[in-house]
Amino acid sequence: PTSTLIRINTENSKDETVNAPQIRQFVAVAALPDNENLIFTAREQNKFPQVYKMKKSGGDFQRLTNDLNIYRKISLSADGKSLVTLQKNNASHLWILPNLKAENARQLTFGKNNRDAKHGLDVLPDGKIVYTSLEDLNRDLWIFNPQDNSKQQLTVKQNEANERPFVSKDGEIYFSSLDNQTYNIKKIQPNGQNLQRITFDDSANDLFPNVSADGKILYFIRKTKGKSSIIKKDLTNKEETELNLPEGFSPDSFLALSPDGKFLAFRQSDLEKRNELEEESAKLKEEEQEFSD
């Protein structure tokens with residue numbers, strides 16, 4: 001969701017848009033007693049809501065906070081020298097459960113607001129874990145080694161967001177990458193080499209990649225406005241085919257291929273339900289201010 005800041009003259013009811021093109025959504029606004037500046041909470045494109053200062057006429061702004069916390073409500077003291085704001089943070093960490101025994105559970109990642117693995121994880125053939133994290137202030141892929149507790153960043157702000165990793169049998173990592181407002185499927189080696197784009201439809205969002213055991217077929221969910229479908233792509237000849245699903249089926253937010261390659265599991269909702277889910281998702285995104293999930 002987006003919003004615009006409007007200044008209204010209370011004497012003649014005329015309104016004027018405050019110029020702040022970098023701001024995608026305003027949350028709360030307060031005026032300083034100097035009658036020249038505004039303090040407000042808002043978010044820029046693909047950033048969490050922060051606290052800003054700007055001339056009431058608009059234009060350039062000063063960022064007063066720059067972190068992974070979410071800032072909401074705001075209030076100023078009478079002299080404008082102090083402010084209070086509501087700060088929100090979300091915790092998500094990577095854990096391992098050796099031998100499937102609860103008593104062996106061990107937390108692997110720490111920190112505040114990194115949202116580790118919230119947007120996907122998978123295990124590499126050597127036991128290392130590829131997962132999403134906001135540790136570098138961008139939704140990127142990281143690799144964690146449970147043997148020595150070391151980690152390394154795999155994608156480094158190459159796009160606006162990189163998520164939903166899937167590890168193929170030969171160890172290649174397929175993932176969804178947000179670029180120019182839409183998601184496409186890419187793949188990369190665990191050492192960070194040989195980054196390749198796999199899907200090229202810039203009018204759609206390609207999500208939840210799954211690759212067959214022989215490495216020849218890629219399955220993923222393609223979302224366009226009003227439609228969601230499962231696409232089968234032959235990685236040899238690059239041909240794409242939309243799977244024929246029963247009428248009313250709309251795959252949404254999950255896709256998994258069985259080990260033998262005979263079955264696909266997905267979360268399904270009819271169109272009416274999907275619209276409800278999209279509305280619910282939009283509200284959650286507005287509340288959490290996530291990167292376009």
Side-chain angles (χ1 to χ4, degrees), residues 1-2 46 117-123 130-132 139 141 159-169 172-187 196-293:
T2 60
N46 294 325
K118 185 173 182 180
H119 292 88
L121 79 163
D122 205 352
V123 181
V130 56
Y131 65 101
T132 60
R139 189 183 300 166
L141 300 182
N159 293 94
E160 298 174 28
N162 300 289
E163 59 184 57
R164 309 299 176 189
F166 176 90
V167 178
S168 64
K169 292 296 182 182
E172 291 185 312
I173 301 168
Y174 290 76
F175 61 99
S176 292
S177 182
L178 177 61
D179 189 17
N180 295 324
Q181 306 301 314
T182 58
Y183 281 91
N184 55 75
I185 306 296
K186 294 182 178 179
K187 75 172 181 177
Q196 298 180 39
R197 182 171 175 176
I198 305 300
T199 65
F200 298 88
D201 189 341
D202 291 330
S203 66
N205 287 305
D206 295 339
L207 307 162
F208 305 101
N210 279 252
V211 179
S212 60
D214 59 11
K216 295 181 179 180
I217 303 296
L218 167 69
Y219 296 92
F220 60 92
I221 292 178
R222 171 165 289 166
K223 292 187 179 184
T224 56
K225 188 174 182 179
K227 183 179 179 180
S228 182
S229 55
I230 297 177
I231 304 297
K232 173 183 178 181
K233 179 162 187 169
D234 190 314
L235 295 175
T236 302
N237 60 28
K238 314 303 181 184
E239 291 184 359
E240 293 184 359
T241 306
E242 180 180 336
L243 297 190
N244 186 22
L245 299 177
E247 184 177 354
F249 272 61
S250 180
D252 189 278
S253 71
F254 174 80
L255 183 69
L257 179 66
S258 64
D260 60 8
K262 295 181 179 180
F263 299 95
L264 280 169
F266 58 91
R267 179 180 178 183
Q268 128 57 36
S269 61
D270 57 32
L271 185 57
E272 180 178 354
K273 183 62 176 178
R274 183 187 173 197
N275 290 335
E276 293 177 0
L277 289 171
E278 288 179 347
E279 292 177 2
E280 178 184 354
S281 176
K283 290 179 181 178
L284 288 173
K285 287 180 181 178
E286 182 177 356
E287 185 66 25
E288 297 181 359
Q289 299 304 329
E290 293 285 2
F291 297 110
S292 164
D293 236 317

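In this chain, numbering begins with 1 at the start of the sequence shown. These figures come from a predicted structure and were not determined experimentally.
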Write out all pairs satisfying salt bridge (Lys or Arg N to Asp or Glu O under 4.0 Å) with one or both partners inside residues 196-212, taking only residues at least two apart or from two chains.
Arg197-Asp202, Asp201-Arg222, Asp206-Arg222
Less than 3.5 Å apart, any donor N or O on the side chain of Ser177 or Asn162 sitting next to an acceptor on the other?
yes
My understanding is that only residues two or more places apart in sequence, or in another chain, count here; which of them pass side chain to side chain donor-acceptor pair (under 3.5 Å) with Asp122?
none
Among all residues two or more places apart in sequence or in another chain, which pass the side chain to side chain contact (heavy atoms under 4.5 Å, CB included) test with Glu242?
Lys227, Ser229, Ile231
Flag the pair Thr182 / Ser203 as yes when at least one side-chain heavy-atom distance between them is below 4.5 Å, and no otherwise.
no
I'd like to check the side chain to side chain donor-acceptor pair (under 3.5 Å) partners of Ser176; sequence neighbours left out, ordered by chain and number.
none
Please list, chain by chain and in numerical order, all residues satisfying side chain to side chain donor-acceptor pair (under 3.5 Å) with Ser258, sequence neighbours excluded.
Asp260
Within the structure provided, determine whether Tyr183 and Glu163 are in side-chain contact (heavy-atom separation under 4.5 Å).
yes
Ser253: side chain to side chain contact (heavy atoms under 4.5 Å, CB included) partners, not counting sequence neighbours:
Phe208, Arg267
My understanding is that only residues two or more places apart in sequence, or in another chain, count here; which of them pass side chain to side chain donor-acceptor pair (under 3.5 Å) with Lys233?
none
Taking only residues two or more places apart in sequence or in another chain, which ones pass side chain to side chain contact (heavy atoms under 4.5 Å, CB included) with Ala117?
Leu94, Leu121, Tyr131
Would you indicate whether the side-chain heavy atoms of Tyr174 and Phe220 approach each other to under 4.5 Å?
no
Partners meeting side chain to side chain contact (heavy atoms under 4.5 Å, CB included) with Lys232 (sequence neighbours left out):
Ile217, Tyr219, Leu243
Can you tell me which residue pairs pass the salt bridge (Lys or Arg N to Asp or Glu O under 4.0 Å) test with a partner in residues 175-187, sequence neighbours excluded?
Glu172-Lys187
